[in-house]
Amino acid sequence: CPHIQNNGDKNNHLLERTLNVHITPHTHDDVGWLKTVDQYFYGLNNTIQQAHVALILDNVLNELQDPYTAHNRTFTYVEMKFFSKWYLALPPALKSSLKE
């Protein structure tokens, strides 16, 4: 973050501190909590809960590949059952780009 300079105003002492805020995208998809793994993964049976895990992961990959912002973006994912199901279905080129 750029440091805001005090221009002599007596109230600018409040602006002399820099605050860096880091936002880490995170999703929490419980495997088999209310629906089956496939229902969560493919976005089925939304009368129970709206969730489409494959779409979440597709969108995250698209954002991470954005050439204008990818250099400063990260993503964490915990649910390996969903991630492995998604990853195994990816074409080789997308698997390679994900590793970058």
Side-chain angles (χ1 to χ4, degrees):
C1 287
H3 186 74
I4 300 172
Q5 298 296 320
N6 186 336
N7 63 5
D9 185 337
K10 66 179 180 173
N11 294 321
N12 276 356
H13 69 281
L14 300 175
L15 302 176
E16 291 182 355
R17 296 185 191 153
T18 299
L19 175 66
N20 287 315
V21 177
H22 300 272
I23 299 172
T24 303
H26 171 78
T27 183
H28 183 83
D29 302 307
D30 281 324
V31 177
W33 178 47
L34 296 174
K35 304 193 300 186
T36 67
V37 170
D38 283 345
Q39 286 175 331
Y40 275 116
F41 188 77
Y42 296 110
L44 305 173
N45 200 2
N46 285 329
T47 59
I48 296 173
Q49 181 189 32
Q50 290 199 9
H52 191 162
V53 174
L55 187 59
I56 293 169
L57 293 169
D58 288 344
N59 287 327
V60 166
L61 182 57
N62 285 337
E63 290 300 315
L64 291 174
Q65 291 176 323
D66 183 334
Y68 299 105
T69 58
H71 65 282
N72 62 5
R73 289 189 176 182
T74 61
F75 180 73
T76 61
Y77 199 75
V78 177
E79 292 79 11
M80 288 292 99
K81 176 62 178 174
F82 292 131
F83 187 83
S84 63
K85 185 176 182 72
W86 175 78
Y87 181 80
L88 292 173
L90 287 178
L94 285 179
K95 286 180 183 178
S96 176
S97 71
L98 185 64
K99 292 177 183 179
E100 294 173 13

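Atom set for the values below is all heavy atoms of this structure, side chains included, hydrogens, waters and symmetry mates excluded.
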(message) Tell me whether Leu57 shares a hydrophobic cluster with Val78, the cluster being built from Ile, Leu, Val, Met, Phe, Trp, Tyr side chains joined at under 4.5 Å.
(response) no

(request) Mark yes when over 12 heavy atoms from residues, nucleotides or ligands other than Lys95 sit less than 6.0 Å from its NZ; otherwise mark no. (result) yes

(message) Any side-chain to backbone donor/acceptor pair from Ser96 onto Ala93? Under 3.5 Å, distance only.
(response) no

(message) Please say yes or no: joined through hydrophobic side-chain contacts below 4.5 Å, possibly via intermediate residues, are Met80 and Trp86 part of one cluster?
(response) yes

(message) Whether the Tyr40 and Asp30 side chains hold a donor-acceptor pair (N or O, under 3.5 Å, no angle test) is what I'd like checked.
(response) no

(message) I'd like to know whether Thr47 forms a side-chain contact (heavy atoms from CB on, under 4.5 Å) with Lys35, so could you lay out the CA-CA distance, the side-chain angles of the two residues, the decisive distance to 0.1 Å, and finally the verdict.
(response) CA-CA 10 Å; Thr47 59; Lys35 304 193 300 186; over 6 Å; no

(message) Please determine whether residues Trp33 and Tyr42 belong to a single hydrophobic cluster, defined as Ile, Leu, Val, Met, Phe, Trp and Tyr linked transitively by side-chain heavy-atom distances below 4.5 Å.
(response) yes

(request) Kindly compute the distance separating CD1 (Ile56) from CG (Leu61), expressed to the nearest 0.5 Å. (result) 14.0 Å

(request) Of all the heavy-atom pairs spanning Leu44 and Asp38, show the shortest one and how long it is. (result) CD1-O, 4.3 Å

(message) Using the rule given for side-chain contact (heavy atoms from CB on, under 4.5 Å), can you reason through Val53 versus Tyr77, listing the C-alpha separation, both sets of side-chain angles and the distance that settles it, and then say yes or no?
(response) CA-CA 11 Å; Val53 174; Tyr77 199 75; 3.2 Å; yes

(message) Testing the basics here: between Phe41 and His52, what is the closest heavy-atom pair and its distance to 0.1 Å?
(response) O-CD2, 3.2 Å

(message) Check for me, please, whether Leu64 and Leu55 land in the same ILVMFWY cluster - side-chain distances under 4.5 Å, paths through other members count.
(response) no

(request) Would you check if the side chain of Glu79 reaches a backbone N or O of Asp29 as a donor-acceptor pair within less than 3.5 Å? (result) yes

(message) Please say yes or no: joined through hydrophobic side-chain contacts below 4.5 Å, possibly via intermediate residues, are Phe83 and Leu94 part of one cluster?
(response) yes

